[in-house]
Amino acid sequence: MSKREQLPPPRVLIKAMLAPLWLLCCTLLAPLAMADAVDVARQKITLLLGQEPPSLNSIKATDQVSFFILGHTHEGLLRYDAQGQLVGGVARDWKLDDRSATFWLRDDARWSDGQPVTAHDFVFAWQRVVDPAVASEYASILYPIKNAKAISEGRLPPEQLGVRALDERTLQVDLEQPTAYFLQLTAFGVYLPIREDFYRAQGTRYGAEQDRLLYNGPFRLARWVHGARLTLVKNEQYWNRAQTVLNEIDLPYVTSDSTAAYNLFKDNKVALVGLSAEELNDALKQRVKIRIFPAGSLFYLEFNHRAGRITGNRHFRRAIQRVADPQELVNRVVGVPGTLPGRSLFPVWIKGVNGSFRKEFPAPRVTIDPNQARQELELARQQLGLERFPPLVYLTGDSPTAAKQGEYLQNLLRTQLGLELKIDKQIFKQRLAKMLAGEFDLVAAGWGPDYDDIMTFGDLFASWNINNRGRYANPDYDHWVAVARDATDPRLRMEAMAALQRLVIEDAVIIPQYESGSVYLQHRQLKGVVRRVIGTDPDFTQARVVAP
Amino acid sequence: MHRYLLRRLVEGVITVWFIATATFFAMHLVPGDPLLNDKAVPKEIRANLEQHYGLDQPLPVQYLRYLGQMVRGDFGISFTQKNRAVNDIIREHFPVSASLGLVALAIAAAGGILWGALTARYRGRWPDALIMLGVIVAISVPGFVVAALAQLAIVELNRLAGRSLLPVAGWGEWRHFVVPALVLGLGTMAYLTRLMRSSMLEVIHADYIRTARAKGLGEARIFFRHQLRNAILPVITVLGPAVAAITTGGFVIELVFAIPGLGRYFVQAVQQLDYTVIMGTTVFYGAFLVFMVIAIDILYGFIDPRIRVG
C-alpha cells in the first residue's frame with residue numbers, strides 16, 4: 001500500500017460528516033414556539049388526545065374520545081353538573097311520568113351560527129339515530145322511546161318515533177314503557193340535537209370537518225387537522241357563556257402512547273395526563289401529586305354457562321369463587337392506586353334510593369376458604385360424573401396486564417384446587433369473536449356503564465341480553481330485572497336489584513374481580529376540572545387557570 | 001426501452017392486483033369483523049350496519065364490488081373513522097410519513113455513504129473501529145427503544161436548559177422533524193454504512209485508482225470522481241426498497257412522537273380489522289413499493305451506462 005493511499009480524506013468529507021450535528025445545534029438555538037401546558041393571561045390550556053375522534057357526528061359516536069369532544073362542543077336537553085347532579089342544558093324545565101316526558105327549551109339556546117336551538121332539532125336527530133338507513137351502532141339507547149325498536153327493525157318509518165315538537169320550544173316524548181332513568185339518557189351524546197337544514201346541506205360529510213358541524217355547547221371547534229390537532233375555543237353564542245372561563249383548549253398531540261404523554265407532561269406541554277402502571281413508579285419518584293379517580297368499570301371472570309360446559313355447574317363455580325380473593329388480586333396483581341376489589345355486580349358509585357346503593361344494600365361477603373372450595377369442587381365432580389377435571393380454557397386479551405392476571409389465576413387454581421388452566425391470549429377482535437361464539441370456559445370480561453342508573457349493570461346477565469356472553473339463563477334473575485325495569489318507585493326497584501345482587505353471588509354467575517381506578521396528573525395551576533364516571537370526562541367546561 | 005418499461009409496468013399492475021386479492025381474502029379469514037365491539041349490538045342494528053357497509057353480500061360479490069371500486073380509485077369509507085374516506089386518510093397522512101421518511105432517508109444516505117467511505121479509508125484504525133461499533137449498536141437496538149430514549153433525552157435536555165429547546169412530540173413545524181427523522185433514519189444509516197464500507201474497500205485497491213494516482217490527480221478528485229462514484233452503485237440498489245421501508249416503517253416513531261403519519265393508521269387498521277383501511281393502505285403501499293423498484297432499475301441506466309435496460 002502506498003503512502004499516499006493512507007492520506008486523510010479531504011476536509012470537506014469530515015465537515016460533511018458533522019452535518020447532522022450542525023443541524024441539531026441550529027435547532028437548539030432557534031426559539032421554540034411550542035405553547036406551555038397552561039397560560040394564565042390567555043386562559044388557555046394544552047392537552048393531548050389518545051386518538052383522532054372517530055365520529056363527531058353525534059348520531060354515530062360510540063367512543064370516549066368523540067364523546068369527550070362532543071361534551072364540550074355540544075349540549076343536550078340535560079347535563080351533569082360538577083356534583084354529578086342532572087341540571088338543565090338546552091331544556092330549562094322538564095317533567096317525567098310513566099308514559100311520557102316533556103321538555104321546555106330555553107329561549108336563549110343557540111347554535112354557533114346564531115340561530116335558535118329548537119325542539120325540531122331534537123326530533124330530527126333522534127329520528128336519524130333509529131333510521132335503519134343511517135345504521136347507528138348506539139340506536140338501542142333510544143329504545144325506551146315509543147316505536148324506536150320497531151323503526152330500527154324496519155317495521156315503521158322514522159317519522160313514527162314517539163317524539164314531537166309541540167311548538168318551537170316544547171318537546172314531547174312518548175315512552176314505550178315506564179323508564180325511571182329516561183332523564184339521565186337525555187344527557188347522553190347520542191341524544192344531542194342536530195339541525196336538519198345544516199345536516200342535509202353536508203350530504204354524507206356531516207361532522208367530518210370543523211366547518212361541517214354546528215355547535216351549541218360551551219366551546220366550538222376552531223381547527224381540526226386530522227390525526228394531528230384539534231383546537232376548541234369559547235363559543236360566544238352559548239347561552240351560559242358567562243360560566244365558561246377558558247378561552248381555548250388546544251389539543252396539538254394525538255397519541256395513545258402513555259410514555260409519550262407522560263414525557264409531554266414532564267416537559268410542561270400538557271396540563272392533564274392519565275398514568276399507566278409503567279409510568280406510575282417514575283411519577284412517584286418525581287414527587288408530583290398523583291390524583292386518583294374511580295373509572296367506574298367492573299372487571300370480572302365470566303363463566304361459560306352453555307350446556308355441556310363444566311362451568312355450567314354451580315358447585316364448580318362456587319369452588320373458584322371461594323379461592324379467588326379480589327383483595328389479593330388488587331394488591332398483588334393490578335397494583336394501580338384507586339382500584340377497588342370487586343365485591344358485587346354493582347360498582348360502589350351506583351346510586352340507590354337516596355345515596356349509594358352499596359351502602360344501602362351491602363353485598364353479601366364471600367368467604368375465601370380453600371377447604372370449602374375443595375368440598376364444592378368434589379360435589380361438582382360427583383354431579384358431573386367425572387374422574388378428574390379436564391383443563392379449562394381461559395380466554396383473555398394480549399396486553400401485559402391481561403397476561404399477568406392470567407398467570408396469577410392459573411397459579412391460584414393449580415395450587416388451591418389442582419385445576420389446570422389453558423390461557424388463550426387473543427387480540428381484540430378475535431377475542432370478541434370467540435366470546436360471542438362461546439369458545440371459552442372462563443373469560444376475562446369487563447363492563448362500563450352506558451347511563452346513570454343501576455340497570456346499566458343490572459340487566460347484563462338477563463337471558464335476553466346479547467352482552468351476556470356466557471349465556472347465563474335463570475328465570476329468577478330475569479324476574480328481578482323485570483321488576484326493577486317496570487317499576488318507577490325507587491325503593492321497589494332497588495330492593496329488586498338487591499335481591500339480584502345476592503343471586504349473582506350465591507349462584508356465582510360471575511366472579512367480580514375489581515373496579516378499575518384511574519390515576520392521573522394535573523397541572524398545579526389548572527383548577528375546576530371535573531372527573532366523572534358517566535358523561536363527559538374529563539370535563540373542562542368549568543375549568544380555569546390560576547396564577548402560580 | 002419503451003417495450004421494457006411497458007412490460008415492467010404491466011408486471012407491476014399484476015403484482016398489485018395479486019397483493020389486493022391476497023389481502024382481501026386473508027383479511028376476511030381472520031376471526032371477527034370490523035363491526036364487532038366491546039359492547040354487542042342487537043341483531044336488527046347489526047343487520048342495518050352490515051347492509052350499510054355491504055357486508056351482508058356473499059364474499060365473492062364483496063370482492064368484485066371492491067375491485068370495481070378500486071379500479072376507479074375509490075377505497076371506500078373507514079369503519080373506525082366513520083366519516084372519513086380511505087382516500088382522504090391516505091391523501092392527508094401519506095405526505096406526513098413520506099416527508100419524514102425522505103428527510104430520514106437523506107440523513108441515512110448522506111451519513112451512510114460518507115461514514116462508510118471514511119471507515120474504508122481508515123480501515124483498521126480508530127475511526128473505523130468507532131464507527132463500526134456505532135453501526136452494530138444502531139442495527140441491534142430496536143427502533144422503539146431508540147425512540148423512547150431519544151424522547152427522554154429531550155425532556156432532560158429541556159429541563160437542564162430551563163426552556164424548550166426541542167419539542168418532545170407533535171407535528172406542524174420543521175423542528176418536529178429533527179429528532180424523529182434522525183431516529184427513523186438510524187437503522188438504515190447503519191446498514192448503508194456497512195454496505196458502503198465493503199463496496200469502497202473493493203474500489204480503493206482497483207487498478208484504475210492506481211492509474212488515476214499515476215496520472216497525478218489530486219486526492220480529492222480521486223476520492224469523489226473515482227472512488228465514491230464507483231462504490232456508490234450497490235447503495236443506490238437498496239435505496240428503492242429503503243424508501244418504501246422507511247416511509248412505512250415509522251409506526252412506532254409516529255406513535256411516540258405523536259406524528260400524524262400513515263403508518264399509524266396502517267397498524268391500527270389491522271388491530272381493529274378495519275377492512276377498508278387495511279385494503280387501502282396495503283394496496284397503496286404495495287403499489288408504492290413495486291413502482292419504486294421499477295424506478296430504481298431505470299435510474300441505474302443513468303448512473304452506470306454499462307447497465308442497459310431493455
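Source: prediction; values computed, not measured. Lettering follows sequence order; numbering is per chain, from 1. These numbers come from the heavy atoms of this one structure, side chains and all, not from hydrogens, waters or symmetry mates.
- None of Asp450(A), Thr62(A), Asn467(A) except one satisfies the side-chain hydrogen bond (donor to acceptor under 3.5 Å, both in side chains) rule with Lys39(B); the exception is Asp450(A).
- Of the atoms belonging to Arg212(A), not a single heavy atom falls under 4.5 Å from chain B.
- Counting all heavy atoms, side chain and backbone alike, Gly227(A) lies closest to His93(B) at CA-CE1, 4.0 Å.
- Taken from NZ in Lys82(B) to CG in Leu56(A), the straight-line distance is 11.0 Å, to the nearest 0.5 Å.
- Listed options Pro127(B), Pro34(B), Ala40(B) were ranked by heavy-atom pairs under 4.5 angstrom with chain A; first place goes to Ala40(B).
- The environment of CZ in Arg46(B) is crowded: more than 12 heavy-atom neighbours from other residues, nucleotides or ligands sit within 6.0 Å.
- Listed options Ala47(B), Gly32(B), Pro31(B) were ranked by heavy-atom pairs under 4.5 angstrom with chain A; first place goes to Pro31(B).
- Contacts between Val134(A) and chain B at a heavy-atom distance below 4.5 Å involve the backbone alone (N, CA, C, O).
- With a 4.5 angstrom heavy-atom cutoff, Val96(B) does not touch chain A via any of its atoms.
- Residues Asn83(B) and Tyr206(A) come closest through the heavy atom pair ND2-O, 2.9 Å.
- In this structure, the side chain of Thr255(A) engages the main chain of Leu255(B) through a donor-acceptor pair within 3.5 Å.
- Two residues are said to be in side-chain contact when any heavy atoms from C-beta on lie closer than 4.5 Å; Phe428(A) and Gln271(B) fail this criterion.
- No more than 12 heavy atoms of other residues, nucleotides or ligands shown are found within 6.0 angstrom of CG on Asp207(B).
- Using a 4.5 Å cut-off between heavy atoms, Thr204(A) touches chain B through its backbone atoms (N, CA, C, O) alone.
- Taken from NZ in Lys269(A) to CG in Asn158(B), the straight-line distance is 6.5 Å, to the nearest 0.5 Å.
- Counting heavy atoms from C-beta on, the side chains of Lys266(A) and Leu152(B) come closer than 4.5 Å.
- Other residues, nucleotides and ligands place more than 12 heavy atoms under 6.0 Å from the CZ atom of Arg91(B).
- The choice from Val130(A), Asn57(A), Asp257(A), Asn268(A) that makes the most heavy-atom pairs within less than 4.5 Å of chain B is Asp257(A).
- Looking at Tyr253(A) and Val168(B), their side chains never come closer than 4.5 Å, going by heavy atoms from C-beta outward.
- Of all heavy-atom pairs between Val254(A) and Arg264(B), the closest is O-NH1, 2.7 Å.
- With chain B as the partner, the residue from Arg469(A), Lys149(A), Arg205(A) showing the most heavy-atom pairs under 4.5 Å is Arg469(A).
- At a 4.5 Å heavy-atom cutoff, Leu48(A) makes no contact with chain B through either its backbone or its side chain.
- When each of Thr80(B), Ile154(B), Ile77(B) is checked for heavy-atom pairs under 4.5 Å with chain A, Thr80(B) comes out on top.
- Side-chain atoms of Asn263(A) do not come within 3.5 Å of backbone N or O of Val155(B) as any donor-acceptor pair.
- Taking 4.5 Å as the limit, some side-chain heavy atom of Glu52(A) sits within range of a side-chain heavy atom of Tyr265(B).
- At a threshold of 4.5 Å between non-hydrogen side-chain atoms, the residues His226(A) and Gln81(B) do not count as touching.
- Side-chain contact between Lys429(A) and Asp33(B) is absent, with no heavy-atom pair separated by less than 4.5 Å.
- Considering only heavy atoms from C-beta on, Val256(B) stays 4.5 Å or farther from Thr259(A) through its side chain.
- The minimum heavy-atom distance between His52(B) and Ala133(A), with the atom names listed, is ND1-O, 3.5 Å.
- For Gln426(A), no part sits under 4.5 Å from any heavy atom of chain B, backbone or side chain.
- Of all the listed residues (Tyr262(A), Tyr143(A), Tyr138(A)), the one sharing the greatest number of non-hydrogen pairs under 4.5 Å with chain B is Tyr143(A).
- Ranked by heavy-atom pairs shorter than 4.5 Å toward chain A, the options Leu273(B), Leu35(B), Asn37(B) are led by Asn37(B).
- More than 12 heavy-atom neighbours from other residues, nucleotides or ligands sit within 6.0 angstrom of CD on Gln286(A).
- Between chain B and the residues Gly207(A), Ser136(A), Ser152(A), the most heavy-atom pairs under 4.5 angstrom are made by Ser152(A).
- Under the 4.5 Å side-chain criterion, counting only non-hydrogen atoms from C-beta, Ser140(A) is in contact with Ile45(B).
- In plain terms, the two heavy atoms of Ser256(A) and Gln268(B) that are nearest each other are OG-NE2, 4.4 Å.
- With a 4.5 Å cut-off on non-hydrogen atoms, Gln51(B) does not touch chain A at all.
- Comparing Pro53(A), Ser55(A), Ala228(A), Gly154(A) by heavy-atom pairs within less than 4.5 Å of chain B, the highest count is held by Ala228(A).
- No more than 12 heavy atoms of other residues, nucleotides or ligands shown are found within 6.0 angstrom of CH2 on Trp126(B).
- Among Asp267(A), Asp131(A), Leu436(A), Ile427(A), the residue with the largest count of heavy-atom pairs under 4.5 Å with chain B is Asp267(A).
- For Glu92(B), the part sitting under 4.5 Å from any heavy atom of chain A is the side chain, from C-beta outward, and nothing else.
- More than 12 heavy atoms of other shown residues, nucleotides or ligands fall within 6.0 angstrom of atom CD in Glu153(A).
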